[in-house]
Amino acid sequence: MLSEAPAAAAGTAAARRWAVHKFGGSSLADADCFRRVADIVAELQDPCLALVLSACRGVTDSLINLVTAAEGGRLDTCRASLARLESRHAAIADELLGAAERNAFVALLQSDIGDLERLLHAVALVRSASRDIRDRAAGFGELWSSRLFAAYLGARFAGRAVRWLDAREVIAVEWGPLGPGVQWGASRENTARLVGPDAAGVLVIPGFVASDTRGLQTTLGRNGSDYSASIFAALLRAREIVIWTDVSGVLSADPGQVPDAKVVASLSYSEAMELAYFGAKVIHPQTMAPAVEQDIPIRIRNTFAPAEPGTLIVAEPEPGERVKGITSIADVALVNVEGAGMIGVPGTAHRLFGTLHEAGISVILISQGSSEHSICFAVPAAQATLAERAVRRAFSAELRDGQIQSVAVDAGCAIVAVVGDGMARDHGSAGKLFQAFAQAGINARAIAQGASQRNISAVIDGREVSKALRAVHSAFYLSPHTLSIGVVGPGTIGSVLLEQLDSQSERLRRDFNLDLRVRGIATSRRMLLAGQAIDLADWRAHLDRAGEPLDLERFTAHVAAEHLPHRVIIDCTADAGIAGRYAGWMRAGLHVVTPNKKANSAALAEFRRMREARRAAGAQYFYEATVGAGLPIILTLRDLRETGDRIREIEGILSGTLAYLFNVFDGGVPFSEVVKDAKARGLTEPDPRDDLSGMDVARKLVILGREMGLELELGDVEVESLVPAALRDCSIDEFLARLPAEDAAMSALAAEARREGQVLRYVARLTAAGRATVALERLPAGHAFANIALTDNVVRFVTDRYCDNALVVQGPGAGPAVTAAGVFSDLLRLAAGIGARI
Ligand code: ADP
Ligand code: ASP
Ligand code: MG
């Protein structure tokens, strides 16, 4: 029995004693879930608690499917499904209840299953089920879950009064064209009789079920337990309603469709109503009315994360985002009625919608241009044919006489709606919405905005819902400087770049609203993809665990996600095949950043194709780290040219490896020893011939030449290779073994230079006329190139402006940290190019 509350509090306006908590099916999947819910209830200190429960997850669907199976005469299916329902509930009871309670519950369960079986038999006989029968069957889930929970809670809360209250004896409804209408007078009387003004304790109540005017069991419609909760809150004059579910509140979009959706802190009743109407399944639209009437706050909370604050729904929430959510309704048909005869004829809309009303069709959205030449409206796709027939019948005369030319139906549509009270306050929401559509290539077929300006909705092709939701969500919620990044080739440079990104991305987000999201990493064999972003602190382990075989097409498509405003691939390989893909990537809307020299030093025709693609697509392409690692060489060259200077000559030491070799080699220690030592220190390519051949330097010279506007091919560069002809084709080991044979010649060169007061340097030269050479030279000891340290690169630009004294850029030109930093700076340059204020 319920205990009596203190008399002083009873019945007064101040005595809003009850709190109503509703637990959805998603919170009641199994015995563990029941325990979790009881833990939450145990924390609630309210002396008067009404707990409204849904059926266990999926049970209502199963019950409704049973009726459909019986209509099809499939009684075997029914029996199997009934057995599953019985054993599932009995198993929960086994786990949670003591023997006596368990037996009592199972006896009731079995008797209900028996009733259901007879009901289904009857349906199978006549092969059809009325709504009464459907409602009767569908409501069993709530009866079972709530009885089970009441028994469990009663035993667990020995000190608190726990009572199961049959909602069917309380809520009286009358079904009408707008759904179930609560009979408030009768329901209030029932409440007074069954609960009483002074009652206290814990009431456990089945949601979803109610009684109709004949006293027969009915339901409040799908997802109706939310509505039950707010009806009980009104009847009990509750202080608050808490709806417990499996997400941490109302999200800015359906998390199943938009991975970036975030919890909305607060909503007005009207906003929540619109969101619910336009498809946010987290709350039932009718839930709002009883709460609004009594100004009862509703909070949506997460059973699985009870510490989180959730979403508060009240009359006047704290000012927040202007757009609170983006929703969609699938399976919609768009009906377009067109005809010059409708212009200026009063009452056409009235006739049209009157007809639809009579046919029992619910119109979801209406749009009419001011010319009145056409009216279009959206209805559920399942009612499309019915709607078309009704309209054709009602306007048969006008159709015959040509005043109405066409009634066109497109059943494959969906509606996307943007909701927020703030849209009336601030301008530009519609602009943002349609710009997002345009960018994602989505066509809005019909548009409606209510005069309240709380909602803008658009009818689109049903196949594009996900794309549309993501694009619109990004436009309203993401930083406009969000970059979807794919890194190809996380080797020496790539992995250091990922470390650098990891350490800096938080600061860049905070200070510049720049959101760098590495969403894909690809090695030569595997790839790792993430919806939002890969955790860079842990990417290697993650790739090992969750990586999949490399599929570059899928990798690219993933990085090119339409819903993120900008996308870039960072190619950290040295691979010509990957470089060959840049043009395609650019055409697909991706920017490219790379330290890979292969694209810019490829055959001119191919290079031009890539440059054309870049121009046509408006893509950005940065490759500073292809020459001189992180040194600003390309940038300097470009600045000189763009400001109208004329480059006369470029000369430099462009290989960190060769710089090192000749900084160390002075004829003392044999050259072959210096090479082996450099290799051991990781300063050469795995095959030192790649450096010694001079081809790497030649490529860099081609890149600089093309930057100058020269039509230079790799073959045009005169290259003096330091690899003796006899050692070009052997293995690396053999090369290293036979290299000492050349030491005498190299030592002689060095000795000769020293005698003349000179040093040996491997120098690249390029003139405005296009002469390009790469060779081992003897330079005076006082020359700028003679006095560099370790792996320093140095480049001299002789130009019209810098002619007496050349412009020199010098500094370390190799090493993972500086090269990765060069790539990183390119990425930031790209971000600045898309508007980030860095
Ligand atoms: P319950 O069983 O608790 O009533 P529902 O499944 O009816 O739960 O509703 C919660 C689900 O609604 C969430 O798991 C989520 O996937 C979905 N959903 C759709 N749109 C939204 C939204 N805008 N905000 C939160 N959840 C949403
Ligand atoms: N169990 C019912 C349904 O699934 C009601 C609810 O859970 O809200 O529709
Ligand atoms: Mg629900």
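As the structure lists them, so they are numbered: ligands from 1, and atoms in each ligand from 1.
No N or O atom of D226 sits closer than 3.5 Å to an N or O atom of ligand 2. Taking only nitrogen or oxygen atoms, main chain and side chain alike, K22 does not reach within less than 3.5 Å of ligand 2.
In this model, a donor atom of one side chain and an acceptor atom of the other lie less than 3.5 Å apart for S466 and Q257. Checking S457 against N455 by side-chain atom types alone, a donor-acceptor pair falls below 3.5 Å. E308 and S248 share a donor-acceptor pair across their side chains, judged by distance under 3.5 Å alone. In summary, the side chains of S484 and R519 do present a donor paired with an acceptor at a separation below 3.5 Å, with no hydrogens or angles considered.
A donor-acceptor contact shorter than 3.5 Å is absent between the side chain of S26 and the backbone of T245. Between the side chain of Q110 and the backbone N or O of A107 there is no donor-acceptor pair closer than 3.5 Å. The backbone N or O of D515 lies less than 3.5 Å from no partner atom in the side chain of R509, so there is not a single donor-acceptor pair. For S228 (side chain) and F208 (main-chain N/O), a donor-acceptor pair under 3.5 Å exists by modelled atom type.
Residue K22 places a heavy atom less than 4.0 Å from ligand 1. Residue A253 places a heavy atom under 4.0 Å from ligand 1. Ligand 1 lies nowhere less than 4.0 angstrom from a heavy atom belonging to G325. Note on ligand 2: E142 sits in its first shell, one or more heavy atoms being nearer than 4.0 Å. Under the 4.0 angstrom criterion for non-hydrogen atoms, G24 is not in contact with ligand 2. Under the 4.0 angstrom criterion for non-hydrogen atoms, S252 is not in contact with ligand 1.
Only side-chain heavy atoms of V247 come within less than 4.0 Å of ligand 1; its backbone N, CA, C and O stay farther off. With a 4.0 Å cut-off on non-hydrogen atoms, D226 does not touch ligand 1 at all. Residue R222 does not touch ligand 1, judged by heavy-atom distances below 4.0 Å.
Looking at atom 6 (C) of ligand 2, its nearest protein heavy atom turns out to be S225 OG, 3.3 Å. S26 OG, 3.4 Å is the protein heavy atom nearest to atom 1 (P) of ligand 1. Nearest non-hydrogen protein atom to atom 11 (C) of ligand 1 is D246 OD1, 4.0 Å. Of all protein heavy atoms, the one closest to atom 10 (C) of ligand 1 is T245 OG1, 3.5 Å. With hydrogens left out, the protein atom closest to atom 23 (N) of ligand 1 is L251 O, 3.0 Å, a heavy atom. Among protein heavy atoms, the minimum distance from atom 6 (O) of ligand 1 is reached at K281 NZ, 3.2 Å.
Ring planes of F434 and F437: perpendicular class, angle over 60° (limits at 30 and 60°).
Listed by number with element, the atoms of ligand 2 under 4.0 Å from a non-hydrogen atom of S54 are 6 (C), 7 (O), 8 (O).
Comparing heavy-atom distances from atom 16 (O) of ligand 1 across G256, A280, G24, P255 singles out P255 as nearest.
Atom CG of L153 sits about 12.0 Å away from atom OG of S146, to the nearest 0.5 Å.
At least one side-chain heavy atom of W175 sits under 4.5 Å from a side-chain heavy atom of R131.
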